[in-house]
Structure formats: C-alpha cells, structure tokens
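Convention: sequence-line order gives letters A, B, ...; per-chain numbering from 1. Excluded from the calculations below are hydrogen atoms, water molecules and symmetry mates; all remaining heavy atoms, backbone and side chain alike, are included.
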Number of protein chains: 2
Amino acid sequence: MNLDERERRRELYRLQAMLCQVLADPTRIELIELLGEGPKAVKELAQATGQRQAKISQHLAVLRQRGLVHAQRVGTEMHYSLTDRRILDACHLTRELLLDQLLRQGEFAESVLLGERG
Amino acid sequence: MNLDERERRRELYRLQAMLCQVLADPTRIELIELLGEGPKAVKELAQATGQRQAKISQHLAVLRQRGLVHAQRVGTEMHYSLTDRRILDACHLTRELLLDQLLRQGEFAESVLLGERG
DNA sequence: TTAGAATATTCGCGCATGCGAATATTCTTG
DNA sequence: CAAGAATATTCGCATGCGCGAATATTCTAA
C-alpha cells in the first residue's frame with residue numbers, strides 16, 4: 001500500500017462517512033438503543049419497534065455487515081447484540097449535539113425535549 | 001403538539017438520523033475538520049481539499065441549512081466557521097469507533113492507521 | 001419427514017443524494 | 001456604470017437507499 005498522507009486521510013474520511021451512513025436511519029438508531037439494554041431476538045425488536053419483521057431483519061443485516069452488531073443462534077431464534085458499547089456513546093453524543101442544536105434554534109425543542117431532559 | 005412518549009422518541013430518532021446523514025459524506029467531514037482549525041473562506045477550503053468550488057459550496061450549503069456551520073461575509077469572501085465545537089467531538093468519536101472497528105477486523109487497519117495513531 | 005415458527009433474502013419501485021456543467025448573484029475596484 | 005473575483009444556485013443525470021411484498025432458509029417438534 002503505502003499511500004501518502006492526504007490519501008490516507010481521505011480513505012479514513014470515506015470509511016467514517018460509511019459508518020455515519022449506517023447511523024443515519026431512525027430505525028437503526030432505535031435498534032442500537034434497544035440492543036444497548038442487552039441482547040435481543042429479532043421478534044422482540046420487531047415488537048418493541050412496532051415494525052415489520054422483514055424491515056428489522058434488513059436493518060440488522062446492515063448493522064451486521066458493518067460490524068456494529070453480532071448475531072448468535074439460540075434455537076430457532078437469532079440473538080443480536082452490540083459489538084461495542086461505545087456505539088451507544090456515539091449515538092448519545094450526536095443526540096446531545098442535536099438537542100443543543102434544537103435548543104439553539106428553538107424549533108421543535110419543547111415538544112421533543114419533554115421527557116428527554118428537564 | 002403533545003405527542004405521546006413513543007412518538008416523541010421516534011421524532012428524536014428521525015432528527016438524529018438527519019444529523020448523522022449530514023456527517024455521512026467524506027467531503028463534509030473534511031470540511032468540518034478544516035473548520036475545526038478556525039474560520040476559513042470558501043476558496044481556502046476548495047484549495048485545501050482540492051475539490052471544485054461549486055462542490056464545496058454545495059456541501060457548505062448542506063452544513064449551513066442544518067445549522068452546523070455559520071457563514072459571514074467579509075468583503076467579497078464568505079467566511080465559514082463551526083457553530084459548535086462539539087461537532088468536532090462527534091466526528092472524532094465516530095472516528096475512534098471506526099478505528100477500533102478496523103483494528104478488530106484487522107482489515108485496512110495498518111495502511112489507514114499509519115500516521116493516525118501509534 | 002412434515003408442519004410450522006423464526007428469520008433472511010430478493011425484487012421492484014419511489015425517492016433522495018452527490019456530482020459536473022453551466023449560469024446567476026454579490027461584492028470590490030476602477 | 002463596467003469588469004472581474006468570489007461564491008451560490010440550478011439542472012440533469014447516475015447512483016444508492018428504504019420499503020413492502022413475496023419468497024426462501026433454517027431450526028424445532030412431533
């Protein structure tokens with residue numbers, strides 16, 4: 001390999017963008033939050049989110065391919081779990097950032113913030 | 001308004017996804033990093049990234065519309081700056097997460113990591 | 001082995017996004 | 001006002017993404 005520095009940085013940014021892309025979906029964020037509570041089966045996740053099973057499986061596949069979650073067979077079920085708790089940290093930090101943005105703009109803030117802060 | 005809790009959480013996830021979407025582009029990440037050094041004109045950013053001016057303006061428009069950067073006229077130039085330094089924190093955390101992912105998978109890691117850690 | 005439950009995958013569509021090219025806007029200077 | 005520099009916007013296109021619907025796979029139990 002031996003790319004020069006600029007190209008290495010570019011490659012890093014490209015991969016980072018791909019990671020952020022994975023986090024750029026509300027259903028996937030919700031799945032990450034749920035898995036933050038502990039391992040869960042697909043059916044549980046579908047029930048908790050109120051989404052169709054196929055949709056949940058599709059999003060779990062994305063998370064799995066990117067290495068954010070790990071799947072384990074347990075009988076007829078598949079138990080999913082986070083591979084790294086710091087994924088939650090990233091989610092929480094971006095959410096903090098978002099909440100500050102909302103506060104600054106003063107838009108939507110009250111309705112969304114209720115029950116999340118204060 | 002007065003949404004129930006689940007809907008409020010959903011709305012929050014939706015907005016968070018939109019924020020992550022903004023961070024899910026390598027050029028925008030590079031712009032954020034550059035602006036982390038201080039305010040810069042569009043031309044500077046175009047030069048530093050080696051990208052066409054129109055492309056930079058387009059991405060800056062996205063960052064501006066989402067409230068991540070602030071623009072100020074200075075003569076014939078527009079000086080852009082971060083509205084919140086913690087945007088950098090978010091970028092750096094996701095990058096840390098990415099680097100750990102790469103280390104775990106052992107793929108690309110060496111070439112990308114050189115000069116970034118160690 | 002067959003039935004059925006749990007999960008995964010494929011397909012097609014509608015929609016958003018990033019880009020280059022071209023053009024428009026806004027400011028400064030003469 | 002005219003010319004030109006700096007920046008913004010528009011347009012058209014190619015590509016990617018999320019979704020529902022349908023189907024396939026994989027395991028358990030009888």
Side-chain angles (χ1 to χ4, degrees), chain A residues 10-11 13-35 38-82, chain B residues 10-11 13-35 38-82:
Chain A
R10 288 277 158 73
E11 176 66 6
Y13 291 155
R14 222 199 75 237
L15 295 172
Q16 185 176 351
M18 289 175 64
L19 176 59
C20 288
Q21 178 67 30
V22 175
L23 301 179
D25 181 276
T27 301
R28 286 198 290 265
I29 292 174
E30 189 170 8
L31 290 177
I32 289 172
E33 291 292 337
L34 286 169
L35 293 179
K40 287 188 168 38
V42 177
K43 193 179 183 182
E44 289 180 80
L45 295 169
Q47 284 178 338
T49 60
Q51 311 279 345
R52 301 173 189 280
Q53 172 265 322
K55 180 173 171 178
I56 297 301
S57 274
Q58 285 168 4
H59 284 295
L60 286 172
V62 173
L63 293 171
R64 193 169 10 101
Q65 286 161 9
R66 299 293 198 245
L68 298 195
V69 303
H70 170 248
Q72 183 185 10
R73 262 221 175 285
V74 177
T76 174
E77 296 180 338
M78 292 292 280
H79 286 198
Y80 280 83
S81 51
L82 295 180
Chain B
R10 288 277 159 73
E11 175 66 6
Y13 291 155
R14 221 198 77 237
L15 294 172
Q16 185 176 351
M18 288 176 64
L19 176 58
C20 288
Q21 178 66 30
V22 175
L23 301 179
D25 180 278
T27 301
R28 286 197 289 267
I29 293 174
E30 189 170 9
L31 290 178
I32 289 172
E33 291 292 338
L34 286 169
L35 292 179
K40 287 188 169 36
V42 177
K43 194 179 182 182
E44 290 181 79
L45 295 169
Q47 284 178 338
T49 61
Q51 311 279 344
R52 302 172 189 281
Q53 173 264 322
K55 180 172 171 178
I56 297 301
S57 274
Q58 286 168 3
H59 284 294
L60 287 172
V62 174
L63 293 171
R64 193 167 12 100
Q65 286 161 9
R66 299 294 197 245
L68 298 195
V69 303
H70 170 248
Q72 183 186 10
R73 264 222 173 284
V74 177
T76 174
E77 295 179 339
M78 292 292 281
H79 285 197
Y80 280 84
S81 51
L82 296 179

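- For the side chain to side chain contact (heavy atoms under 4.5 Å, CB included) with A:L68, the lone residue among A:L63, A:L31, A:V62 that qualifies is A:L63.
- Here B:E33 pairs with B:R95 under the salt bridge (charged side-chain N to carboxylate O under 4.0 Å, His left out) rule; sequence neighbours left out.
- C:dA16 atom P lies 14 Å from atom CG of A:D25, rounded to whole Å.
- In this structure, CD in A:E30 is found 5.5 Å from CG in A:L34, a value given to the nearest 0.5 Å.
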Just the atom pairs and distances: protein N or O near nucleotides 20-23 of chain D's N or O, under 3.5 Å.
| residue | atom | partner | partner atom | Å |
| --- | --- | --- | --- | --- |
| D:dG20 | O6 | A:Q58 | NE2 | 3.1 |

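- For B:H79, the NE2 atom sits in a packed shell: over 12 heavy atoms of surrounding residues, nucleotides or ligands are nearer than 6.0 Å.
- Within residues 38-50 of chain B, the residues approached by DNA chain D to less than 4.0 Å at the level of any non-hydrogen atom are B:A41, B:V42, B:K43, in residue-number order.
- Nearest heavy-atom pair, B:I32 versus B:L82, reported as atom, atom and distance to 0.1 Å: O-CD1, 4.0 Å.
- For the pair B:D25 and B:T27, the tightest heavy-atom approach, listed with the atom from each and the gap, is OD1-N, 2.9 Å.
- Without hydrogens or angle criteria, A:E44 side chain to A:A41 main chain gives a donor-acceptor distance under 3.5 Å.
- Annotation: salt bridge (Lys or Arg N to Asp or Glu O under 4.0 Å) contacts involving residues 59-73 of chain A, sequence neighbours excluded, are absent.
- Every residue two or more places apart in sequence or in another chain that forms a side-chain contact (heavy atoms from CB on, under 4.5 Å) with B:Q47 is listed here: B:K43.
- Nearer the 5' end of DNA chain D, as judged by each residue's closest nucleotide, is the contact made by B:A71, out of B:A71 and A:V62.
- The minimum heavy-atom distance linking B:L35 with B:Y80 is given by the pair CD2-O, 3.3 Å.
- Here the straight-line distance linking atom CG of B:L23 with atom CG of B:L19 works out to 5.0 Å at 0.5 Å rounding.
- If you take CZ of A:R14 and C1' of D:dG16, they are 15 Å apart, rounded to a whole angstrom.
- Going from atom CD of B:E77 over to atom C1' of C:dT26 covers 13 Å, rounded to whole Å.
- Between its opening and closing five pairs, the helix from C:dT1-D:dA30 to C:dG30-D:dC1 changes axis direction by 20°, a value rounded to 10 degrees.
- One can place CG of A:L60 at 16 Å from P of C:dA6, the figure rounded to the nearest angstrom.
- Annotation: side-chain contact (heavy atoms from CB on, under 4.5 Å) contacts of B:T76 (sequence neighbours excluded): none.
- Listed in residue order, the members of residues 26-34 of chain B having a heavy atom less than 4.0 Å from DNA chain C are B:R28.
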Output side-chain donor-acceptor pairs under 3.5 Å for residues 51-60 of chain A, partner residues at least two apart or in another chain, one line each.
| residue | atom | partner | partner atom | Å |
| --- | --- | --- | --- | --- |
| A:Q51 | OE1 | A:K55 | NZ | 2.8 |
| A:Q53 | NE2 | A:S57 | OG | 3.2 |
| A:H59 | ND1 | A:R28 | NH1 | 3.2 |

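- In this entry the distance linking CE of A:M18 with P of D:dG16 reads 11 Å, nearest Å.
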For nucleotides 24-29 of chain D, which of its nitrogen or oxygen atoms have a protein nitrogen or oxygen under 3.5 Å away, and what is each distance?
| residue | atom | partner | partner atom | Å |
| --- | --- | --- | --- | --- |
| D:dC27 | OP1 | A:R73 | NE | 3.3 |

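- Computed from coordinates, the B:R64 CZ to D:dT9 C1' distance equals 10 Å when rounded to whole Å.
- Considering all non-hydrogen atoms of both residues, A:G50 and B:R10 come closest at N-NH2, 4.5 Å.
- Note: B:Q21 CD to B:M18 CE = 9.0 Å, rounded to the nearest 0.5 Å.
- In this structure, B:Q21 places its CD atom 13 Å from C1' of C:dC15, rounding to the nearest Å.
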